[in-house]
There are 2 protein chains.
Amino acid sequence: MKTEAELKDFFENGDKKYFSNLTIDCSIFGYHERQLKILLAKWNGLDGFSLPGGFVGRKEPLTQAANRILKEKTSIDNIFLQQFYMFGDSEFRTDNHKKFTKFLPKDSWLLNRTFSVGYYALVDYASVTIEEDIFTEKYVWQDINKIPDLLFDHNEMLEKAIQHMRINLHHQPIGINLLSKEFTLPEIQSLYETILDKEFDRRNFSKKLLSLGLIKDTNKIRSIGQHRSPKLYCFDKKKYSQMLKGGIALEL
Amino acid sequence: MKTEAELKDFFENGDKKYFSNLTIDCSIFGYHERQLKILLAKWNGLDGFSLPGGFVGRKEPLTQAANRILKEKTSIDNIFLQQFYMFGDSEFRTDNHKKFTKFLPKDSWLLNRTFSVGYYALVDYASVTIEEDIFTEKYVWQDINKIPDLLFDHNEMLEKAIQHMRINLHHQPIGINLLSKEFTLPEIQSLYETILDKEFDRRNFSKKLLSLGLIKDTNKIRSIGQHRSPKLYCFDKKKYSQMLKGGIALEL
DNA sequence: TCAAAAGTGTTCTAACTACACCCATGC
DNA sequence: GCATGGGTGTAGTTAGAACACTTTTGA
C-alpha cells in the first residue's frame, strides 16, 4: 500500500477485497541480546500504539493471510507463527465502535464490528526489516515488561498471547527461528530464561537439552574474546520437527 | 426456530441478524456409563452428519453466541465450554462452496464463504435434552472411536477438538460438569480413563487427586448392591476453580 | 595473575511406578 | 462361602534440584 490511489481505493472499496468484519492481529515477539520485545505500531493520526494487524482477503485462506500480514510488516516469511485465540467479546468488539470516526465517513466499511484472530510469532529481532506504510507513523520494539496502554482491546490480546506462548513453550521446541544456525549453550539458555522470565541451572539445562537429543555438538567453538571459548551446538532438525509435531513435555 | 414463517425469514433475511461469514461449530463430548460420545447432527435433506453449529449474531459477543448455540442444541447452560481454534483454511472454507446449492437460490447469504470458530464442550450425556429443530432430522450420540465421514471440514475440526481437549486435561481439572455432586473414586477414575483412553492404577490415581486436594472425602458411602460400598467424594470447589484458572500440571 | 565466562559430575530428594493383600456385600 | 468390586501401604526407580571446583582466555 504505497500510493495515494491505492490508499483511496482501500478506504472506499477495501470491503470488496477484504472481509470487513475479520482482522488478524499479531503479537510479534522479538528476541535480541537477552531481551524479549514486542513490535508495536503507532498509527498515523491516532494517539497510542497497537499490535500490527490487517484484514483477511475474501478468497484468502486464513493462515495464508496471517503469513502475508506478518511479511508485510516485518519482511520475513517462514517464521514460527501460531494462532492462539479468536477475539469477539470485548466491548470494543461488540459495539459498532467509535474508532476512527473523526477520519472516516459514517458509512465506511472500516467502522463495522470486527472479530480478530490472534496470532503470535517468534522472530529474530535483528533480522526484521520494518516496513512502514502509509497507515503507520512508525513501529517500535517495546520491552515486554514495559507495555503501555494500547488501543482497542490489544492489551488483553497481548496478555493472552504471552500466556499461550509460555504454555506452548512446554510442548514445543523453539529457537530455530530465534538463534543462528550454530549457537552456544549460554545463548540458548539465555533465550529460554528471557522468554520464560526464569533462571535455570547451567548444568541441568544442558543435560536436559542434550539428553532429549534436541541439540547436538558441532565440535566447533566460538571465540568470544577475553574468556574461555564456548562450544557451538546446533539443533537436530529431525528431532526438532518431530517434537514440533508430536509435542514434548519440557519441564523447565 | 419453530414456525414456517421464522424459517422463511431466516433463509431470506438471516444475514440481517447474523454475520453471513462466521459460524460456530461445537464438538460436544458426552460422557455416560464409561463411554465417550460426540453429538452429531443429521441435516434435513442432506446426506451425512455434521457437528452442531450456528451463526453469530451481529451484536452478540462471541462467547455468548457459543453458549446460546450450545443451549439451543442441548438445552443446558453453564457448562464447560472452550474455544480452541478458528478454522479458515480448508478448501471448504475458501471456495465459495457448493454446499446446499440444490436447496438455495444462487445469491443466498448462506452460500457465502464461512469461517468457523471451534468450541468443545464436556457434558453429562444423561442430562442433555436434545432439541431438534426444523433443520435437523435428528441428533445422534456417536462413539468417539466410530466417527463416520462428516460433512464439510468437520472431521478435521473434530480431530483438532479431541487433541486440544486431551491436552487441556493436563492443565485443567474436569469432572464438575460430568459427574454428580458426589461420586466414587472408581467413577472419576473411569471418567479420566475413558476420556484419555488410558488406564491408571487405582492406588496411584486416588493418591494423586487427594494429595492435590482436588477432591475430598464426604464420609458417606454409596450402596452399589452386591459388592462392597464405595465412599463418596466431592470436589473441593475452591481448589477446583483455582486450578481452572491457574492451571495445574496433571501428569496422568 | 586476575577477572570473567564456560565446562563438567555427584548427591539428594521427591515424585511416579509397580505391585498384592484384605474387606464388604449380596447371592 | 464365593464372586465381585473397593480400599489401602510399601519398596524400587527415575527424573529433577542443588551444588562447587576447574579451565580458558585476554588484558
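Note that the coordinates shown come from a computational prediction; the quantities given were computed from them, not determined experimentally. Only this structure's heavy atoms are used, side chains among them; waters, hydrogens and symmetry mates stay out.
The outermost nucleotides of DNA chain C lying under 4.0 Å from heavy atoms of chain A, listed 5' to 3', are C:dA4 to C:dT10.
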Next item on the list: Take A:Arg68 and A:Glu72, measure what salt bridge (charged side-chain N to carboxylate O under 4.0 Å, His left out) needs, and give me the verdict at the end.
Entry: CA-CA 6 Å; A:Arg68 170 183 56 78; A:Glu72 280 170 12; 2.9 Å; yes

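The only member of A:Ile76, A:Thr74, A:Leu39 that meets side chain to side chain contact (heavy atoms under 4.5 Å, CB included) when paired with A:Val123 is A:Ile76.
B:Phe152 is not listed as a side-chain neighbour of B:Asp25, based on a closest heavy-atom distance of 4.5 Å or more. In this structure, the side chains of A:Ile174 and A:Tyr192 come closer than 4.5 Å at one or more pairs of heavy atoms. Here the side chains of B:Leu214 and B:Phe235 are in contact, with some heavy-atom distance below 4.5 Å.
Between the side chains of A:Thr136 and A:Trp43, not a single donor N or O lies within less than 3.5 Å of an accepting N or O. Side-chain N/O atoms of A:Ser190 and A:Arg34 include a donor and acceptor closer than 3.5 Å.
With hydrogens and angles ignored, the 3.5 Å screen pairs a side-chain donor or acceptor of B:Asp89 with a backbone N or O of A:Leu62. Looking at A:Glu193, its side chain does come within 3.5 Å of a backbone N or O of A:Phe200 through a donor-acceptor pair.
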Next item on the list: Report, as a single string ordered 5' to 3', how protein heavy atoms within less than 4.0 Å touch nucleotides 22-27 of chain D: B base, S sugar-phosphate only, - not at all.
Entry: -BBBSS

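The side chain to side chain donor-acceptor pair (under 3.5 Å) analysis of residues 229-249 of chain A, with sequence neighbours excluded, yields the pairs A:Asp217-A:Lys231.
A heavy-atom distance below 4.0 Å to DNA chain D is reached by none of the residues of residues 166-176 of chain A. For the segment residues 201-212 of chain A, residues with any heavy atom less than 4.0 angstrom from an atom of DNA chain C are, sorted by number, A:Arg202, A:Arg203, A:Lys207.
The environment of CG in B:Asp47 is sparse: at most 12 heavy-atom neighbours from other residues, nucleotides or ligands sit within 6.0 Å.
If you measure from atom CD1 of B:Ile224 to atom P of D:dA3, you get 18 Å, rounded to the nearest angstrom.
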Using a 3.5 Å cut-off and no angle test, enumerate the donor-acceptor pairs between side-chain atoms of residues 175-186 of chain B and protein atoms at least two apart in sequence or in another chain.
residue  : atom : partner  : partner atom : Å
B:Ser180 : OG   : B:Glu182 : O            : 3.1
B:Glu182 : OE1  : B:Lys220 : NZ           : 3.4
B:Glu182 : OE2  : B:Lys220 : NZ           : 2.7
B:Thr184 : OG1  : B:Glu187 : N            : 3.2

